[in-house]
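Here's the structure we're looking at; comments come further down.
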Amino acid sequence: MDDFPHLENAPITEALIDLRVVLPPGKQIADLETAATRVSAGYPNRMEIKFGNVQFQIGQTPSAEVTQELVGVGYSSLDGKNIVQCRLDGFTFSRLKPYETWEILRREAMRLWQIYREIAEPSRITRAAVRYINHLRLPSTQRLEEFLTAVPLVPPGAPEHLAAFLTRSVVVDKPSGVVAIITQNYDGEQRSEEGYRSVLLDIDAFV
């Protein structure tokens, strides 16, 4: 693997490792709750993870029914920068800004995954993913091509000023089967500050 320089002010606002799993029959939220005693020392803030469902009834008297199902529990560090989710369908570890290094991210995710694995006892992993969400703060006086290698092309004859764009590319590494979804989004001045442009670069790689 190539060695990349460590960026002291990395534009990464969130980096995560996500594993989707199949649990043995009978596993419940109560089983995941036992992770609290193993995790809470460094992750004191508890949260519930719920899945919402809305059903609409169309007829003479239309109605809507909203239901929520508890699917997991989560814990965050005291500063809120590290977040772990223990769900019935998988495990996620996230690091919010400021990002540190891949080695630190992977090491902490592996430590917490071992706790989840011992408690949840997944029978198999169905999906493994790594995702990096970057918010690039780029000077508005410079061309986007100086920072991005895949700026959308403007059709010939159209005005050259690119006020906003959204691209989504799905690429596949056939030998390994790894898929990467690369999203770039610039919504004009909505999230930008004076003199700068804010561009989202979202890279989601999974197998």
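- Residues T183 and L166 meet the side-chain proximity criterion, which asks for heavy atoms closer than 4.5 Å.
- When the side chains of ILVMFWY residues are joined at heavy-atom separations under 4.5 Å, either directly or via intervening members, V172 and V207 end up in two distinct hydrophobic clusters.
- Within 6.0 Å of CE in M47 there are more than 12 heavy atoms belonging to other residues, nucleotides or ligands.
- Minimum heavy-atom separation, A15 to Y132: CB-CE2, 3.5 Å.
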Handout entry: Trace of the side-chain contact (heavy atoms from CB on, under 4.5 Å) decision for L136 with L148
Key = CA-CA 10 Å; L136 307 176; L148 302 175; 3.7 Å; yes
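- Between A109 and I17, the shortest heavy-atom contact is CB-CD1, 3.8 Å.
- At a threshold of 4.5 Å between side-chain heavy atoms, the hydrophobic network of Ile, Leu, Val, Met, Phe, Trp and Tyr places V73 and I83 in two separate groups.
- Residue I29 holds its CD1 atom at 4.0 Å from CG of L88, rounded to the nearest 0.5 Å.
- One finds the CZ atom of R197 at 8.0 Å from the CZ atom of F147 (value rounded to the nearest 0.5 Å).
- When all heavy atoms are compared, the tightest approach of R127 to A129 is NH1-CB, 3.4 Å.
- Between the side chain of Q85 and the backbone N or O of I49 there is no donor-acceptor pair closer than 3.5 Å.
- Across all non-hydrogen atoms, the minimal contact from N45 to S77 is ND2-O, 3.1 Å.
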Practice task
For the pair R38 and E118, evaluate salt bridge (charged side-chain N to carboxylate O under 4.0 Å, His left out) and give the outcome as yes or no after the intermediate values.
Solution key: CA-CA 11 Å; R38 303 275 301 277; E118 292 173 15; 3.1 Å; yes
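- Here the closest non-hydrogen pair linking L32 and C86 is CD1-O, 3.3 Å.
- Atom CG of D79 has more than 12 neighbouring heavy atoms from other residues, nucleotides or ligands inside a 6.0 Å radius.
- Placement of I104 and M110 in two distinct hydrophobic clusters is found when ILVMFWY residues are connected by side-chain heavy-atom separations under 4.5 Å, directly or transitively.
- At least one side-chain heavy atom of L144 sits under 4.5 Å from a side-chain heavy atom of F165.
- Between the side chain of Y99 and the backbone N or O of W102 there is at least one donor-acceptor pair closer than 3.5 Å.
- Taking 4.5 Å as the limit, every side-chain heavy atom of V21 sits out of range of all side-chain heavy atoms of F91.
- Proximity of I182 to L201: side-chain heavy atoms (C-beta onward) are separated by under 4.5 Å at one or more points.
- Judged by distance alone, the side chain of S123 and the main-chain N or O of P24 form no donor-acceptor pair under 3.5 Å.
- The distance from the CG atom of D202 to the CG atom of N134 is 8.0 Å, given to the nearest 0.5 Å.
- Smallest separation of non-hydrogen atoms from E14 and S94: OE2-OG, 3.2 Å.
- The existence of a salt bridge linking R87 and D18 is confirmed by a sub-4.0 Å separation between a basic side-chain nitrogen and an acidic carboxylate oxygen.
- Under the 4.5 Å side-chain contact rule for hydrophobic residues, L16 and F93 do not share a cluster.
- With a 4.5 Å cut-off on side-chain heavy atoms, R168 and I181 count as touching.
- Linking Ile, Leu, Val, Met, Phe, Trp and Tyr residues whenever their side-chain heavy atoms come within less than 4.5 Å leaves I12 and L96 in two separate clusters.
- With K81 contributing its side chain and K97 its backbone, the two residues share a donor-acceptor pair below 3.5 Å.
- The main-chain N or O of G195 is found under 3.5 Å from a side-chain atom of S140 such that the two form a donor-acceptor pair.
- A 4.5 Å side-chain heavy-atom check between W113 and P122 finds at least one atom pair inside the cut-off.
- The side-chain heavy atoms of H135 and P11, taken from C-beta on, include no pair separated by under 4.5 Å.
- Taking CD of Q184 as the reference point, atom OG1 of T149 lies at 7.0 Å (rounded to 0.5 Å).
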Problem - Criterion side-chain contact (heavy atoms from CB on, under 4.5 Å) on L112 and Y75, from CA distance to verdict - result: CA-CA 11 Å; L112 296 170; Y75 305 93; over 6 Å; no
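- Using a 4.5 Å heavy-atom threshold, the side chains of R111 and R107 count as separate.
- In summary, of the residues considered (V71, D89, L70), a side chain to side chain contact (heavy atoms under 4.5 Å, CB included) with F51 occurs for V71 alone.
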